[in-house]
Amino acid sequence: MSDAPRGLLIAAPRSGSGKTTVTLALLAALRRRGKAVRAIKSGPDYIDPAFHAAATGRPGLNLDSWAMPPALLDHLAGLAGEGAQIVIGEGAMGLFDGVAVEKGRTGAGADVAARLGLPVLLVLDVSGQSQTAAAVLRGFIGHDPAVRIAGVVLNKLGSERHERMIREAVAPLGVPVLGTVPRATDIVLPERHLGLVQAGETDDLPARLAALADLAEAHLDLDGIIAAAAPLQAGAGAGEGQGDSNALLPPPGQRIALAQDAAFGFVYAHMLAGWRGQGAEIVPFSPLADEAPDASCDALWLPGGYPELHAGRLAAAERFRAGVHAFAAAGKPVHGECGGYIALGAGLLDAEGVRHAMLGLVDLETSFAKRRMNLGYRQARLIAPSPLGPEGAWVRGHEFHYATVLSRGEDQPLADLSDAEGRPLGLAGSRRGSVTGSFFHAIARG
(Lines give C-alpha, C1' and ligand atoms only; values in the text may rest on other atoms or scores of the structure.)
Protein backbone atom coordinates (compact mmCIF):
# COMPACT_ATOMS: atom_id res chain seq x y z
CA MET A 1 0.00 0.00 0.00
CA SER A 2 3.06 2.29 0.00
CA ASP A 3 2.19 3.60 -3.49
CA ALA A 4 -1.51 4.03 -2.69
CA PRO A 5 -2.95 7.52 -2.93
CA ARG A 6 -3.43 9.31 0.35
CA GLY A 7 -6.79 10.49 1.55
CA LEU A 8 -8.91 11.96 4.31
CA LEU A 9 -12.57 12.62 5.06
CA ILE A 10 -13.95 16.08 5.82
CA ALA A 11 -16.77 15.77 8.34
CA ALA A 12 -18.63 17.75 10.96
CA PRO A 13 -20.93 17.30 13.98
CA ARG A 14 -23.99 18.31 11.94
CA SER A 15 -25.22 19.73 8.66
CA GLY A 16 -24.59 23.43 8.15
CA SER A 17 -21.16 23.42 9.82
CA GLY A 18 -19.35 24.45 6.65
CA LYS A 19 -17.89 21.16 5.43
CA THR A 20 -18.94 21.72 1.79
CA THR A 21 -17.26 25.12 1.77
CA VAL A 22 -14.09 23.69 3.33
CA THR A 23 -14.14 20.70 0.97
CA LEU A 24 -14.49 22.79 -2.18
CA ALA A 25 -11.90 25.29 -0.96
CA LEU A 26 -9.42 22.48 -0.27
CA LEU A 27 -10.10 20.75 -3.61
CA ALA A 28 -9.69 23.97 -5.57
CA ALA A 29 -6.50 24.91 -3.74
CA LEU A 30 -4.92 21.48 -4.18
CA ARG A 31 -5.72 21.52 -7.89
CA ARG A 32 -4.22 25.01 -8.14
CA ARG A 33 -1.06 23.60 -6.59
CA GLY A 34 -0.89 20.99 -9.33
CA LYS A 35 -2.03 18.03 -7.23
CA ALA A 36 -3.92 15.19 -8.91
CA VAL A 37 -6.91 15.25 -6.57
CA ARG A 38 -10.13 13.20 -6.66
CA ALA A 39 -13.21 13.74 -4.51
CA ILE A 40 -15.73 11.29 -3.09
CA LYS A 41 -19.06 11.98 -1.38
CA SER A 42 -20.18 9.79 1.48
CA GLY A 43 -23.88 9.08 1.17
CA PRO A 44 -26.49 9.38 -1.58
CA ASP A 45 -26.25 13.12 -2.35
CA TYR A 46 -26.06 13.62 -6.13
CA ILE A 47 -25.53 17.41 -6.20
CA ASP A 48 -22.24 17.82 -4.32
CA PRO A 49 -20.28 15.42 -6.59
CA ALA A 50 -20.88 17.73 -9.57
CA PHE A 51 -19.26 20.58 -7.62
CA HIS A 52 -16.43 18.23 -6.66
CA ALA A 53 -15.94 17.44 -10.35
CA ALA A 54 -15.82 21.13 -11.25
CA ALA A 55 -13.25 21.78 -8.52
CA THR A 56 -10.97 18.84 -9.38
CA GLY A 57 -11.48 18.35 -13.12
CA ARG A 58 -12.24 14.68 -12.41
CA PRO A 59 -15.63 12.95 -12.12
CA GLY A 60 -17.23 12.99 -8.68
CA LEU A 61 -18.10 9.70 -7.01
CA ASN A 62 -20.49 8.55 -4.27
CA LEU A 63 -19.59 5.93 -1.66
CA ASP A 64 -22.55 4.81 0.44
CA SER A 65 -22.04 2.23 3.17
CA TRP A 66 -25.76 1.43 3.49
CA ALA A 67 -26.64 1.12 -0.17
CA MET A 68 -23.38 -0.45 -1.36
CA PRO A 69 -21.99 -3.76 -0.09
CA PRO A 70 -18.44 -3.54 1.29
CA ALA A 71 -16.83 -5.12 -1.77
CA LEU A 72 -18.40 -2.51 -4.04
CA LEU A 73 -17.19 0.26 -1.73
CA ASP A 74 -13.68 -1.16 -2.02
CA HIS A 75 -13.94 -1.40 -5.80
CA LEU A 76 -15.15 2.18 -6.21
CA ALA A 77 -12.57 3.50 -3.76
CA GLY A 78 -9.92 1.79 -5.86
CA LEU A 79 -11.28 3.49 -8.97
CA ALA A 80 -11.29 6.84 -7.16
CA GLY A 81 -7.62 6.41 -6.36
CA GLU A 82 -6.50 5.59 -9.90
CA GLY A 83 -4.26 8.39 -11.13
CA ALA A 84 -4.82 10.43 -7.98
CA GLN A 85 -2.24 11.65 -5.49
CA ILE A 86 -4.82 12.53 -2.87
CA VAL A 87 -8.49 11.59 -2.39
CA ILE A 88 -10.69 14.00 -0.41
CA GLY A 89 -13.98 12.70 0.93
CA GLU A 90 -16.91 14.80 2.11
CA GLY A 91 -19.31 13.45 4.70
CA ALA A 92 -23.04 14.03 4.97
CA MET A 93 -24.90 15.37 8.01
CA GLY A 94 -22.91 14.55 11.16
CA LEU A 95 -19.94 12.17 11.04
CA PHE A 96 -21.72 9.37 12.92
CA ASP A 97 -25.25 10.00 11.62
CA GLY A 98 -26.74 6.92 9.98
CA VAL A 99 -29.47 4.33 10.36
CA ALA A 100 -29.84 1.74 13.11
CA VAL A 101 -28.51 -1.33 11.30
CA GLU A 102 -25.39 -3.47 11.52
CA LYS A 103 -22.08 -1.72 12.19
CA GLY A 104 -20.33 -0.63 9.03
CA ARG A 105 -23.55 -0.49 6.95
CA THR A 106 -25.25 2.52 8.58
CA GLY A 107 -24.68 5.02 5.77
CA ALA A 108 -22.65 7.28 8.07
CA GLY A 109 -19.45 8.92 6.91
CA ALA A 110 -17.72 7.20 9.82
CA ASP A 111 -18.28 3.84 8.08
CA VAL A 112 -16.41 5.00 4.98
CA ALA A 113 -13.61 6.53 7.09
CA ALA A 114 -13.16 3.31 9.07
CA ARG A 115 -13.26 0.94 6.10
CA LEU A 116 -10.90 2.95 3.90
CA GLY A 117 -8.59 4.10 6.71
CA LEU A 118 -9.36 7.76 6.07
CA PRO A 119 -8.36 10.15 8.87
CA VAL A 120 -11.04 12.74 9.60
CA LEU A 121 -10.64 16.50 9.29
CA LEU A 122 -13.41 17.77 11.57
CA VAL A 123 -15.05 21.10 10.74
CA LEU A 124 -16.44 22.78 13.85
CA ASP A 125 -18.84 25.71 13.60
CA VAL A 126 -17.67 27.58 16.70
CA SER A 127 -20.02 30.54 16.42
CA GLY A 128 -21.72 31.11 19.76
CA GLN A 129 -19.20 29.05 21.76
CA SER A 130 -15.57 29.03 22.82
CA GLN A 131 -14.12 26.42 25.24
CA THR A 132 -17.14 24.17 24.63
CA ALA A 133 -15.58 23.38 21.24
CA ALA A 134 -12.97 21.35 23.14
CA ALA A 135 -15.70 19.25 24.76
CA VAL A 136 -17.25 18.56 21.37
CA LEU A 137 -13.88 17.59 19.93
CA ARG A 138 -13.14 15.33 22.93
CA GLY A 139 -16.36 13.46 22.30
CA PHE A 140 -15.50 12.86 18.66
CA ILE A 141 -12.00 11.68 19.53
CA GLY A 142 -13.26 8.92 21.80
CA HIS A 143 -16.55 7.92 20.22
CA ASP A 144 -15.30 5.20 17.85
CA PRO A 145 -11.78 3.74 18.04
CA ALA A 146 -11.97 2.83 14.32
CA VAL A 147 -12.29 6.52 13.38
CA ARG A 148 -9.31 8.82 13.90
CA ILE A 149 -9.71 12.60 14.14
CA ALA A 150 -6.51 13.87 12.52
CA GLY A 151 -7.19 17.59 12.63
CA VAL A 152 -9.82 20.25 13.15
CA VAL A 153 -10.91 23.35 11.26
CA LEU A 154 -12.42 26.10 13.40
CA ASN A 155 -15.12 27.72 11.27
CA LYS A 156 -16.95 31.04 11.81
CA LEU A 157 -14.47 32.54 14.24
CA GLY A 158 -15.49 35.94 15.55
CA SER A 159 -12.15 37.48 16.51
CA GLU A 160 -8.50 36.80 17.35
CA ARG A 161 -9.50 36.47 21.01
CA HIS A 162 -12.17 33.93 20.09
CA GLU A 163 -9.59 31.87 18.21
CA ARG A 164 -7.06 32.08 21.05
CA MET A 165 -9.57 30.86 23.64
CA ILE A 166 -10.51 27.84 21.56
CA ARG A 167 -6.92 27.00 20.66
CA GLU A 168 -5.96 27.03 24.33
CA ALA A 169 -8.92 24.78 25.18
CA VAL A 170 -8.23 22.16 22.50
CA ALA A 171 -4.44 22.11 22.83
CA PRO A 172 -4.39 19.41 25.59
CA LEU A 173 -6.34 17.04 23.30
CA GLY A 174 -3.41 16.68 20.92
CA VAL A 175 -5.44 17.28 17.74
CA PRO A 176 -3.85 19.94 15.52
CA VAL A 177 -5.85 22.96 14.39
CA LEU A 178 -5.45 22.85 10.59
CA GLY A 179 -7.67 25.76 9.69
CA THR A 180 -9.22 28.90 11.17
CA VAL A 181 -11.94 30.47 9.04
CA PRO A 182 -13.37 33.84 10.13
CA ARG A 183 -17.11 34.38 10.42
CA ALA A 184 -16.98 37.29 7.97
CA THR A 185 -15.75 34.97 5.22
CA ASP A 186 -19.00 34.06 3.53
CA ILE A 187 -18.70 32.57 0.06
CA VAL A 188 -22.22 31.33 -0.55
CA LEU A 189 -23.30 28.91 -3.27
CA PRO A 190 -26.91 29.44 -4.42
CA GLU A 191 -29.50 26.99 -3.09
CA ARG A 192 -32.98 25.73 -3.92
CA HIS A 193 -35.39 23.20 -2.39
CA LEU A 194 -33.27 20.06 -2.97
CA GLY A 195 -29.99 21.70 -1.94
CA LEU A 196 -27.41 23.63 -3.93
CA VAL A 197 -28.29 24.88 -7.38
CA GLN A 198 -26.67 22.40 -9.75
CA ALA A 199 -23.05 23.02 -10.69
CA GLY A 200 -23.94 23.24 -14.39
CA GLU A 201 -26.43 26.03 -13.66
CA THR A 202 -24.02 28.12 -11.56
CA ASP A 203 -22.72 30.48 -14.26
CA ASP A 204 -19.97 32.04 -12.15
CA LEU A 205 -18.77 28.75 -10.67
CA PRO A 206 -15.14 29.12 -11.87
CA ALA A 207 -14.92 32.50 -10.11
CA ARG A 208 -16.50 31.07 -6.96
CA LEU A 209 -14.03 28.17 -6.97
CA ALA A 210 -11.13 30.56 -7.43
CA ALA A 211 -12.36 32.57 -4.44
CA LEU A 212 -12.63 29.35 -2.42
CA ALA A 213 -9.05 28.42 -3.37
CA ASP A 214 -7.97 31.86 -2.13
CA LEU A 215 -9.86 31.19 1.11
CA ALA A 216 -8.01 27.90 1.55
CA GLU A 217 -4.63 29.50 0.91
CA ALA A 218 -5.39 32.19 3.48
CA HIS A 219 -7.09 30.17 6.23
CA LEU A 220 -6.23 26.46 5.90
CA ASP A 221 -2.91 24.80 6.70
CA LEU A 222 -2.67 23.05 3.34
CA ASP A 223 0.69 21.44 4.04
CA GLY A 224 -0.58 20.19 7.40
CA ILE A 225 -3.75 18.78 5.82
CA ILE A 226 -1.78 16.96 3.13
CA ALA A 227 0.52 15.53 5.81
CA ALA A 228 -2.51 14.38 7.85
CA ALA A 229 -3.83 12.24 4.98
CA ALA A 230 -3.15 8.50 5.11
CA PRO A 231 -2.83 5.79 2.42
CA LEU A 232 -6.20 4.73 1.05
CA GLN A 233 -6.92 1.22 2.31
CA ALA A 234 -9.32 -0.10 -0.34
CA GLY A 235 -9.80 -3.87 -0.05
CA ALA A 236 -8.10 -6.59 -2.06
CA GLY A 237 -8.87 -6.44 -5.76
CA ALA A 238 -10.27 -2.92 -5.61
CA GLY A 239 -10.13 -1.18 -8.93
CA GLU A 240 -9.47 -4.41 -10.86
CA GLY A 241 -11.96 -5.47 -13.51
CA GLN A 242 -15.51 -5.07 -12.32
CA GLY A 243 -14.81 -5.63 -8.62
CA ASP A 244 -18.07 -6.70 -7.04
CA SER A 245 -19.94 -6.64 -10.37
CA ASN A 246 -22.90 -8.49 -8.90
CA ALA A 247 -23.77 -5.35 -6.93
CA LEU A 248 -23.69 -3.03 -9.93
CA LEU A 249 -27.02 -2.49 -11.66
CA PRO A 250 -27.14 -4.09 -15.10
CA PRO A 251 -27.33 -1.70 -18.06
CA PRO A 252 -30.92 -1.43 -19.32
CA GLY A 253 -29.69 -1.83 -22.90
CA GLN A 254 -26.64 -1.94 -25.13
CA ARG A 255 -27.12 1.67 -26.29
CA ILE A 256 -28.81 3.82 -23.67
CA ALA A 257 -30.40 7.17 -24.50
CA LEU A 258 -29.83 9.32 -21.40
CA ALA A 259 -31.71 12.58 -20.79
CA GLN A 260 -29.19 15.09 -19.55
CA ASP A 261 -29.78 18.81 -18.95
CA ALA A 262 -30.95 21.19 -16.22
CA ALA A 263 -34.24 19.29 -15.88
CA PHE A 264 -32.65 15.82 -15.74
CA GLY A 265 -29.26 16.00 -14.07
CA PHE A 266 -29.30 13.52 -11.18
CA VAL A 267 -27.48 10.36 -12.18
CA TYR A 268 -24.80 8.61 -10.14
CA ALA A 269 -21.32 8.49 -11.67
CA HIS A 270 -20.80 4.89 -10.53
CA MET A 271 -23.99 3.89 -12.39
CA LEU A 272 -22.72 5.31 -15.67
CA ALA A 273 -19.26 3.85 -15.14
CA GLY A 274 -20.81 0.48 -14.26
CA TRP A 275 -22.92 0.46 -17.41
CA ARG A 276 -19.94 1.37 -19.56
CA GLY A 277 -17.84 -1.25 -17.78
CA GLN A 278 -20.45 -3.86 -18.71
CA GLY A 279 -20.20 -2.89 -22.38
CA ALA A 280 -23.02 -0.37 -22.76
CA GLU A 281 -22.83 2.89 -24.71
CA ILE A 282 -24.50 6.02 -23.32
CA VAL A 283 -26.01 8.54 -25.76
CA PRO A 284 -27.06 11.80 -24.05
CA PHE A 285 -29.80 14.13 -25.30
CA SER A 286 -31.58 17.24 -23.98
CA PRO A 287 -35.36 17.28 -23.52
CA LEU A 288 -35.19 21.02 -22.72
CA ALA A 289 -33.67 21.58 -26.17
CA ASP A 290 -36.58 19.53 -27.56
CA GLU A 291 -34.25 16.76 -28.68
CA ALA A 292 -35.62 13.27 -29.23
CA PRO A 293 -33.71 10.26 -27.91
CA ASP A 294 -31.56 8.60 -30.56
CA ALA A 295 -33.88 6.12 -32.27
CA SER A 296 -31.03 3.64 -32.70
CA CYS A 297 -30.77 3.21 -28.93
CA ASP A 298 -32.44 0.19 -27.36
CA ALA A 299 -33.23 1.73 -23.94
CA LEU A 300 -34.18 5.14 -22.55
CA TRP A 301 -33.34 6.49 -19.09
CA LEU A 302 -34.85 9.68 -17.63
CA PRO A 303 -32.87 10.62 -14.49
CA GLY A 304 -34.07 12.74 -11.62
CA GLY A 305 -33.77 16.49 -11.61
CA TYR A 306 -36.07 19.51 -11.65
CA PRO A 307 -38.90 18.97 -14.14
CA GLU A 308 -41.08 21.13 -11.87
CA LEU A 309 -38.90 24.17 -12.69
CA HIS A 310 -39.14 23.56 -16.44
CA ALA A 311 -42.62 22.08 -16.76
CA GLY A 312 -43.83 24.53 -19.41
CA ARG A 313 -40.86 23.88 -21.70
CA LEU A 314 -41.15 20.13 -21.26
CA ALA A 315 -44.87 20.21 -22.01
CA ALA A 316 -44.14 22.10 -25.26
CA ALA A 317 -41.25 19.85 -26.36
CA GLU A 318 -43.00 17.98 -29.17
CA ARG A 319 -39.95 16.23 -30.66
CA PHE A 320 -39.00 14.98 -27.21
CA ARG A 321 -42.53 13.73 -26.59
CA ALA A 322 -42.79 11.98 -29.97
CA GLY A 323 -39.39 10.34 -29.58
CA VAL A 324 -40.15 8.93 -26.12
CA HIS A 325 -43.57 7.68 -27.28
CA ALA A 326 -41.88 5.94 -30.22
CA PHE A 327 -39.56 4.13 -27.79
CA ALA A 328 -42.52 2.94 -25.74
CA ALA A 329 -44.53 1.92 -28.82
CA ALA A 330 -41.60 -0.20 -29.99
CA GLY A 331 -41.53 -2.01 -26.66
CA LYS A 332 -38.10 -0.66 -25.75
CA PRO A 333 -37.37 -0.19 -22.01
CA VAL A 334 -38.15 3.33 -20.79
CA HIS A 335 -37.38 4.10 -17.14
CA GLY A 336 -37.71 7.28 -15.10
CA GLU A 337 -36.27 8.02 -11.66
CA CYS A 338 -37.88 10.67 -9.43
CA GLY A 339 -38.01 13.71 -11.74
CA GLY A 340 -37.87 11.37 -14.72
CA TYR A 341 -40.79 9.41 -13.26
CA ILE A 342 -42.74 12.65 -12.85
CA ALA A 343 -42.05 13.49 -16.51
CA LEU A 344 -43.38 10.08 -17.58
CA GLY A 345 -46.64 10.87 -15.78
CA ALA A 346 -49.86 12.38 -17.05
CA GLY A 347 -49.52 15.80 -15.46
CA LEU A 348 -47.56 18.03 -13.10
CA LEU A 349 -49.09 20.80 -11.01
CA ASP A 350 -46.41 23.46 -10.51
CA ALA A 351 -45.88 25.65 -7.43
CA GLU A 352 -48.42 28.19 -8.72
CA GLY A 353 -51.05 25.48 -9.20
CA VAL A 354 -50.84 25.43 -13.01
CA ARG A 355 -51.14 21.94 -14.53
CA HIS A 356 -48.70 20.96 -17.29
CA ALA A 357 -49.21 17.88 -19.42
CA MET A 358 -46.28 15.50 -19.15
CA LEU A 359 -45.51 12.49 -21.37
CA GLY A 360 -48.58 10.51 -20.32
CA LEU A 361 -46.89 7.12 -20.47
CA VAL A 362 -48.01 6.31 -16.91
CA ASP A 363 -51.00 7.67 -15.01
CA LEU A 364 -49.01 9.53 -12.34
CA GLU A 365 -50.31 12.99 -11.36
CA THR A 366 -48.03 15.07 -9.11
CA SER A 367 -48.28 18.43 -7.39
CA PHE A 368 -45.70 20.94 -6.21
CA ALA A 369 -48.45 23.31 -5.11
CA LYS A 370 -48.92 20.89 -2.21
CA ARG A 371 -45.30 20.21 -1.27
CA ARG A 372 -44.40 17.29 0.93
CA MET A 373 -40.84 16.21 1.70
CA ASN A 374 -40.07 12.56 1.02
CA LEU A 375 -36.61 11.55 2.22
CA GLY A 376 -34.83 8.33 3.11
CA TYR A 377 -33.13 5.14 2.05
CA ARG A 378 -35.26 2.58 0.22
CA GLN A 379 -35.05 -1.20 -0.20
CA ALA A 380 -37.04 -2.30 -3.23
CA ARG A 381 -38.12 -5.82 -4.20
CA LEU A 382 -38.98 -5.74 -7.89
CA ILE A 383 -42.42 -7.14 -8.63
CA ALA A 384 -41.73 -7.67 -12.32
CA PRO A 385 -38.73 -7.50 -14.70
CA SER A 386 -37.61 -3.93 -15.35
CA PRO A 387 -34.51 -1.93 -16.31
CA LEU A 388 -33.52 -2.18 -12.62
CA GLY A 389 -33.32 -5.98 -12.70
CA PRO A 390 -35.30 -9.21 -12.88
CA GLU A 391 -38.47 -10.02 -10.97
CA GLY A 392 -37.73 -10.67 -7.30
CA ALA A 393 -34.42 -8.78 -7.33
CA TRP A 394 -33.61 -6.43 -4.46
CA VAL A 395 -32.33 -2.93 -5.17
CA ARG A 396 -31.11 -0.38 -2.66
CA GLY A 397 -31.55 3.32 -3.29
CA HIS A 398 -32.58 6.68 -1.93
CA GLU A 399 -35.58 8.98 -2.24
CA PHE A 400 -35.60 12.76 -1.88
CA HIS A 401 -38.28 14.97 -3.39
CA TYR A 402 -41.07 17.39 -2.53
CA ALA A 403 -43.75 16.11 -4.90
CA THR A 404 -47.19 15.18 -3.63
CA VAL A 405 -48.76 12.26 -5.49
CA LEU A 406 -52.33 13.12 -6.44
CA SER A 407 -53.02 9.85 -8.29
CA ARG A 408 -51.22 6.80 -9.67
CA GLY A 409 -54.18 5.65 -11.74
CA GLU A 410 -54.55 2.00 -12.70
CA ASP A 411 -50.92 1.25 -13.58
CA GLN A 412 -49.25 -1.76 -11.98
CA PRO A 413 -46.67 -1.01 -9.22
CA LEU A 414 -42.98 -1.51 -9.87
CA ALA A 415 -41.69 -2.58 -6.45
CA ASP A 416 -42.51 -3.43 -2.88
CA LEU A 417 -40.65 -0.90 -0.74
CA SER A 418 -39.25 -0.88 2.78
CA ASP A 419 -37.12 1.65 4.59
CA ALA A 420 -33.48 1.32 5.64
CA GLU A 421 -34.39 -0.68 8.73
CA GLY A 422 -36.71 -3.03 6.87
CA ARG A 423 -40.04 -1.47 7.83
CA PRO A 424 -42.57 -1.94 5.02
CA LEU A 425 -43.63 1.12 3.04
CA GLY A 426 -45.95 -0.62 0.60
CA LEU A 427 -46.16 -0.86 -3.17
CA ALA A 428 -44.59 1.95 -5.15
CA GLY A 429 -43.69 3.09 -8.64
CA SER A 430 -45.50 2.41 -11.89
CA ARG A 431 -45.21 0.10 -14.87
CA ARG A 432 -47.15 -0.03 -18.08
CA GLY A 433 -45.81 -2.22 -20.84
CA SER A 434 -42.10 -1.44 -21.27
CA VAL A 435 -42.41 1.85 -19.33
CA THR A 436 -41.42 1.91 -15.65
CA GLY A 437 -40.75 4.59 -13.07
CA SER A 438 -40.14 5.17 -9.39
CA PHE A 439 -39.35 7.98 -6.99
CA PHE A 440 -36.29 6.22 -5.56
CA HIS A 441 -32.87 6.56 -7.17
CA ALA A 442 -31.31 3.12 -7.53
CA ILE A 443 -27.75 2.84 -6.20
CA ALA A 444 -26.85 -0.88 -6.13
CA ARG A 445 -28.31 -4.34 -5.96
CA GLY A 446 -29.46 -5.08 -2.43
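Because only heavy atoms are used, hydrogens play no part in the values below, and waters and symmetry mates are left out as well, while side chains stay in. Position 1 is the first residue of the sequence; numbering continues from there. This one's a predicted model, so the numbers in the text were calculated from it and none came from an experiment.
- Within the 3.5 Å criterion, the main-chain N or O of F320 finds a donor-acceptor partner in the side chain of D290.
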Quick one, R32 with D214, criterion salt bridge (charged side-chain N to carboxylate O under 4.0 Å, His left out). Give me CA distance, side-chain angles, the key distance, then yes/no.
CA-CA 10 Å; R32 179 185 283 178; D214 292 342; 2.8 Å; yes

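- Side-chain contact between P44 and Y268 is present, with at least one heavy-atom pair separated by less than 4.5 Å.
- Heavy atoms only, all atoms of each residue included: P387 and T436 are closest at CD-OG1, 3.4 Å.
- Ring-plane geometry between F266 and H441 is classed as tilted, the angle between the planes lying from 30 to 60 degrees on a 0 to 90 degree scale.
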Given F368 and I342, is the side-chain contact (heavy atoms from CB on, under 4.5 Å) satisfied, shown in steps?
CA-CA 11 Å; F368 287 85; I342 291 170; 3.8 Å; yes

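- The side-chain heavy atoms of V405 and R408, taken from C-beta on, include a pair separated by under 4.5 Å.
- Looking at D97, its side chain does come within 3.5 Å of a backbone N or O of G94 through a donor-acceptor pair.
- Rounding to the nearest 0.5 angstrom, the gap separating the CZ atom in R6 from the CD1 atom in I86 is 8.0 Å.
- Annotation for E102: atom CD counts as buried by contact number, over 12 foreign heavy atoms lying within 6.0 Å.
- Aromatic ring orientation, F439 versus Y341: perpendicular (interplanar angle above 60°, classes split at 30° and 60°).
- Between H335 atom NE2 and S438 atom OG the span is 4.0 Å, to the nearest 0.5 Å.
- When atom types are taken as modelled, the side chain of E291 and the backbone of S286 share a donor-acceptor pair closer than 3.5 angstrom.
- L349 has its side chain out of reach of V354: every pair of non-hydrogen atoms, C-beta onward, lies at least 4.5 Å apart.
- When atom types are taken as modelled, the side chain of R313 and the backbone of L288 share a donor-acceptor pair closer than 3.5 angstrom.
- Side-chain contact check for T366 versus T404: every heavy-atom pair is 4.5 Å or farther apart.
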Would F51 and T20 count as a side-chain contact (heavy atoms from CB on, under 4.5 Å) if you check the C-alpha gap in whole Å, the side-chain angles of each, and the deciding distance to 0.1 Å?
CA-CA 9 Å; F51 284 91; T20 296; over 6 Å; no

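- Nearest approach of A357 to R321, heavy atoms of both residues: O-NH2, 3.4 Å.
- The main-chain N or O of P413 is found under 3.5 Å from a side-chain atom of R431 such that the two form a donor-acceptor pair.
- The ring-ring contact (aromatic ring centres under 6.0 Å, His included) analysis of residues 86-112, with sequence neighbours excluded, yields the pairs F96-F140, F96-H143.
- Under a 4.0 Å N-O distance rule, the pair R355/E365 qualifies as a salt bridge.
- Shortest non-hydrogen contact noted between L63 and V112 is O-CG2, 4.1 Å.
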Kindly indicate, with the supporting measurements, whether the criterion side-chain contact (heavy atoms from CB on, under 4.5 Å) is fulfilled by V181 and K156.
CA-CA 6 Å; V181 182; K156 299 186 180 178; over 6 Å; no

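- Residue pairs satisfying the side-chain hydrogen bond (donor to acceptor under 3.5 Å, both in side chains) criterion with at least one member in residues 58-68, sequence neighbours excluded, are listed as follows: D64-Y377, S65-D111.
- Looking at every heavy atom in both residues, L8 comes nearest to I10 through CD1-CG1, 3.9 Å.
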Residues K41, D45; criterion salt bridge (charged side-chain N to carboxylate O under 4.0 Å, His left out); working and verdict
CA-CA 7 Å; K41 175 68 179 182; D45 182 283; 5.3 Å; no

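- E90 places no side-chain N or O within donor-acceptor distance of the main-chain N or O of H52, the cut-off being under 3.5 Å.
- Annotation: Y306 is not in aromatic contact with F264 [ring centroid separation under 6.0 Å not met].
- Side-chain contact between V153 and L122 is absent, with no heavy-atom pair separated by less than 4.5 Å.
- At most 12 heavy atoms of other shown residues, nucleotides or ligands fall within 6.0 angstrom of atom CZ in R319.
- Salt-bridge annotation for D48 and K19: absent, with no side-chain N of the basic residue lying under 4.0 Å from a carboxylate O of the acidic one.
- The two residues L72 and A247 come nearest to each other via the heavy atoms CD2-CB, 3.9 Å.
- I40 is listed as a side-chain neighbour of V87, based on a closest heavy-atom distance under 4.5 Å.
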Could you walk me through whether S296 and R255 satisfy the side chain to side chain donor-acceptor pair (under 3.5 Å) test, starting with their C-alpha distance in whole Å, then the side-chain angles of each, then the deciding distance to 0.1 Å, before giving a yes or no?
CA-CA 8 Å; S296 69; R255 298 188 78 235; 2.3 Å; yes

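- Distance check: L118 CG to S42 OG gives 9.5 Å after rounding to the nearest 0.5 Å.
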Full working for salt bridge (charged side-chain N to carboxylate O under 4.0 Å, His left out) between D298 and K332
CA-CA 6 Å; D298 52 7; K332 297 178 181 180; over 6 Å; no

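- With rounding to the nearest 0.5 Å, the separation of OG in S17 from CG in L124 is 7.5 Å.
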Would you please test I383 and L427 for side-chain contact (heavy atoms from CB on, under 4.5 Å) and show each step?
CA-CA 9 Å; I383 294 172; L427 299 176; 3.5 Å; yes

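- The CG atom of L24 sits 11.5 Å away from atom CD1 of I88, with the distance rounded to the nearest 0.5 Å.
- Remark: R371 qualifies as a cation-pi partner of Y402 under the 6.0 Å distance and 45° angle criteria applied to the six-membered ring.
- Checked options D294, L258, L300; the residue passing with F285 is L300 (criterion: side-chain contact (heavy atoms from CB on, under 4.5 Å)).
- Looking at E281, its side chain never comes within 3.5 Å of a backbone N or O of R276 through a donor-acceptor pair.
- Nearest heavy atom pair, residue L417 against residue A428, reads CD1-CB, 3.6 Å.
- Rounded to the nearest 0.5 angstrom, R208 CZ and L215 CG are separated by 13.5 Å.
- You'll find the side chain of V120 reaches within 4.5 Å of the side chain of V147, heavy atoms only.
- Looking only at side-chain heavy atoms (C-beta outward), R432 and D363 come within less than 4.5 Å of each other.
- No donor-acceptor pair closer than 3.5 Å links the side chain of R372 to the backbone N or O of H401.
- R38 places a side-chain N or O within donor-acceptor distance of the main-chain N or O of P59, the cut-off being under 3.5 Å.
- Ring-plane geometry between H398 and F400 is classed as perpendicular, the angle between the planes exceeding 60 degrees on a 0 to 90 degree scale with a lower cut at 30.
- When atom types are taken as modelled, the side chain of Q379 and the backbone of D419 share a donor-acceptor pair closer than 3.5 angstrom.
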